[in-house]
2 protein chains.
Amino acid sequence: MGVLERSHLTIIQEVAREGSLTAAGMRLNLTQPALSHSIRKIEQQLGVKIWRREGRSLVLTQAGEWLLALANRLLPQFDLAESRLEQFANGERGTLRIGMECHPCYQWLLKVVSPYLERWPKVDVDVRQKFQFGGIGALFNNEIDILVTPDPLYKPGLKFTPVFDYELVLAVGPEHPLRNAKFVLPEQLVDETLITYPVPSERLDIYTQFLQPAGIAPRQQKQIETTDIMLVMVAHGRGVAALPRWLVKEYASHFELYSVKLGKKGITKQIFLGHRETDEDIHYLRDFIEFAASPQ
Amino acid sequence: MGVLERSHLTIIQEVAREGSLTAAGMRLNLTQPALSHSIRKIEQQLGVKIWRREGRSLVLTQAGEWLLALANRLLPQFDLAESRLEQFANGERGTLRIGMECHPCYQWLLKVVSPYLERWPKVDVDVRQKFQFGGIGALFNNEIDILVTPDPLYKPGLKFTPVFDYELVLAVGPEHPLRNAKFVLPEQLVDETLITYPVPSERLDIYTQFLQPAGIAPRQQKQIETTDIMLVMVAHGRGVAALPRWLVKEYASHFELYSVKLGKKGITKQIFLGHRETDEDIHYLRDFIEFAASPQ
DNA sequence: ATGACTATATGAATTCTGTGCATTAACGAG
DNA sequence: CTCGTTAATGCACAGAATTCATATAGTCAT
């Protein structure tokens, strides 16, 4: 089995560097006899002479030169590894895996992530959107570290932090009769084409909190992946979409878009970040939550 | 100081591979508690959790994944190193440094080295020709492992083996009056141009064994590095040269050359290979000497 | 739920390796 | 030759690694 250890390479390198066991011992915090015993053992375990005893100094043999080259190549990698691990230990390095259960939040997330990456140059961010057992399950399975969700499910071991509120509104185009309406009622959507993200309707607030309570369904539903395309369609009168008010406002600089309140009182949503309690000592994770919760 | 050892990487790799401490223990010839204690120690020494305890199995953390990648990268290099060292130990690998104190022997050496390199694919051959303290000194200083020389100097610790005999002759061109002579005497060279290798005349046998005893010097001496050019010059009547008979014969197929015996009895030389007695257990070195000594 | 099975964790005892001390041996410079 | 320096050696000890025995925990089938 393997007998050559990192410590042996260190000794070989240091002895070659200092040229004497005594000096090398000083640097390694070992006594000269300790090294003498060590190198003898290495040599007989490997069955190779590593040094030629020349007078009172040690000169590397061919095999020794070869080992020295190996040491010079491998030891820096060990050192690097240890400094990396220290960063892991201090929570300075890692991958923050963020799960999303809220399609339109993607735009918001982007705005949070960019400055965060600046602050934590050694932390990578990974965003995932599909979960076999739901976002909460993904948190428990350790598939993700942070969950962006509008539905905090308070379970032991998990914690949720509210990060921002927004109002869900109906986005309509410039030709739409509702464009200047104070608000819209469910029955006003029976003849509309509703554009949504491609997820089950029980995960769309426009259904669960607006249409279904009134027993209404829109004439047609179109599913579109990306927010940009969705709003282009809306601006051209190909349908209407339920989105956060701030998102519609943002896109309004590019396309002509109007926001209409959903119902008399409007629909207000709150977004939470969920995380495992066991992760609370991870510095970069805690900072992400604090940073995200502070108003941008 | 460094705490991460090769053995730790081995454990990480093996546990990841087998998925359980018990199984990994079998492969490493260790018991399960041994591993359990080891990994706990590694973790607390590094200050990083490497595994997450999930149910009754161990799952790598981010830091653990990182270490596994390191292990997969470094461990093969350790394995390779050990197999190389085994080859060193068995004398199958190394560099045979050959020193030359005999210029014309270079041609002979080439003929010996080619088949030798075939027989020892892992042994490299290095030929050196300049020595600060002479060839014998170079042997003692470990600058070379084998010395090709016509002057064996029997000293304790060194051994010399005769490898071949040759006759030193005078090479002349087709227009030369001596071309068919039975032999040549020193005084017949007073008006000649003598072509030699660029070394001090005390190292040229034509001087020490032929001209100087008779108190004769040639009209002119030209120094030329390479045997080829030397013999081209001779063939064109630009001078004469003292070289081994077999060498002249070999070149006679390319240029018109004639060999003339030096003195009535001729000059016979013997070439030896010198080596350190301490090197006699190096397999590839002993084989080189045996191989060189056997008639080609 | 319960029990059988299998995995890891733990603690104490033991074995072994590594280290240091004291000393010897070898070398080199003055 | 002698002194200063360096490596080698033998012995003794401390601490680390390993094992054994056992506790604890999770999984699966009934």
Side-chain angles (χ1 to χ4, degrees), chain A residues 1-61 64 133 137 140-142 156-157 278, chain B residues 1-61 64 133 137 140-142 156-157 278:
Chain A
M1 268 274 90
V3 289
L4 190 60
E5 284 288 340
R6 176 195 187 177
S7 56
H8 299 146
L9 294 181
T10 310
I11 292 176
I12 288 167
Q13 191 183 53
E14 214 55 62
V15 172
R17 195 186 134 85
E18 296 292 329
S20 92
L21 290 191
T22 316
M26 300 284 277
R27 287 175 57 93
L28 296 172
N29 295 313
L30 288 172
T31 57
Q32 171 269 318
L35 287 190
S36 182
H37 282 135
S38 292
I39 68 177
R40 184 148 75 125
K41 187 158 192 191
I42 304 174
E43 286 188 330
Q44 68 190 38
Q45 277 189 323
L46 294 176
V48 180
K49 282 267 164 291
I50 300 177
W51 290 274
R52 216 174 330 110
R53 274 69 178 172
E54 241 178 40
R56 61 178 164 184
S57 62
L58 297 175
V59 182
L60 287 172
T61 60
F133 305 108
F140 264 116
N141 287 346
N142 252 282
T278 54
Chain B
M1 268 275 87
V3 290
L4 189 59
E5 283 289 341
R6 175 196 188 177
S7 56
H8 300 146
L9 295 182
T10 310
I11 292 175
I12 289 167
Q13 190 182 53
E14 214 55 62
V15 172
R17 194 185 134 85
E18 296 291 329
S20 93
L21 290 191
T22 317
M26 300 284 279
R27 289 176 57 93
L28 297 171
N29 295 315
L30 288 172
T31 58
Q32 171 270 318
L35 287 191
S36 183
H37 283 137
S38 292
I39 68 177
R40 184 148 74 126
K41 186 156 195 193
I42 304 174
E43 286 187 330
Q44 68 189 39
Q45 278 189 326
L46 294 176
V48 180
K49 281 266 164 293
I50 300 176
W51 291 274
R52 215 173 333 108
R53 275 68 178 171
E54 240 178 40
R56 61 178 166 186
S57 61
L58 297 174
V59 182
L60 287 171
T61 60
F133 305 108
F140 263 117
N141 287 346
N142 252 282
T278 55

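Each chain gets a letter, A, B and so on, in the order its sequence line appears, and its residues count up from 1.
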Separation of Trp51(B) atom CH2 from dA9(C) atom P, in whole Å? 10 Å
Sub-4.5 Å side-chain heavy-atom contact between Ile50(A) and Leu58(A): no
With respect to the phosphate group of dT19(D), does any side-chain polar atom (N or O) of Thr31(B) fall under 4.0 Å of OP1 or OP2? yes
If you compare every side-chain N and O of Arg53(A) against the phosphate oxygens of dA7(D) (OP1, OP2), does one of them come in below 4.0 Å? no
Interatomic distance where CG belongs to Leu21(B) and P belongs to dA25(D) [whole Å]: 17 Å
Decide, yes or no, whether a salt bridge links Arg6(A) with Glu5(B) under the criterion of side-chain N to carboxylate O below 4.0 Å. no
Over the length of the helix from dA1(C)-dT30(D) to dG30(C)-dC1(D), how much do the five-pair end axes diverge, rounded to 10 degrees? 40°
Can you find a pair of side-chain heavy atoms, one from Asn142(B) and one from Glu54(A), that are under 4.5 Å apart? yes
To the closest 0.5 Å, what do you measure between NE2 (His37(B)) and CG (Leu30(B))? 13.0 Å
Separation of atom CD in Glu18(B) from atom P in dA7(C), rounded to whole Å: 12 Å
Run Ile39(B) and Leu21(B) through side-chain contact (heavy atoms from CB on, under 4.5 Å) and show every step you take. CA-CA 10 Å; Ile39(B) 68 177; Leu21(B) 290 191; 4.2 Å; yes
Strictly below 4.0 Å, heavy-atom distances to any atom of DNA chain D: list the hits from residues 35-45 of chain A, or just say none. Ser36(A), His37(A), Arg40(A)
Are Arg40(A) and Glu43(A) close enough for a salt bridge, meaning some N to O gap below 4.0 Å? no
With hydrogens left out and only the distance checked, is there a donor-acceptor pair under 3.5 Å joining Arg56(B)'s side chain and the base of dT8(C)? no
Is Ser20(A) near enough to dT5(D) that one of its side-chain N or O atoms lies under 4.0 angstrom from OP1 or OP2? no
Hey, which sits more toward the 5' end of DNA chain C by its nearest nucleotide, Pro33(A) or His8(A)? His8(A)
Round to a whole Å and report the spacing from CD1 of Ile11(B) to C1' of dT8(C). 15 Å
Just so I know, are the side chains of Thr61(A) and Trp51(A) near enough to count as touching, which here means a heavy-atom distance under 4.5 Å? no
Could you tell me whether the side chain of Arg27(A) reaches within less than 4.5 Å of the side chain of Arg17(A), counting heavy atoms only? yes
Could you tell me how far apart Arg52(A) (CZ) and dT6(D) (C1') are, to the nearest whole angstrom? 18 Å
Distance check, rounded to the nearest 0.5 Å: Leu28(B) atom CG versus Glu18(B) atom CD? 8.5 Å
For Glu5(A) and dG18(C), give me the distance from atom CD to atom C1', rounded to whole Å. 13 Å
Nucleotide dA17(D), atom P - distance to CG of Leu28(B) in whole Å: 15 Å
To the nearest angstrom, the CE-P distance between Met26(A) and dT5(D) comes to 13 Å
Taking N and O atoms by type only, does the side chain of Gln32(A) place a donor or acceptor under 3.5 Å from a partner on the base of dA8(D)? yes
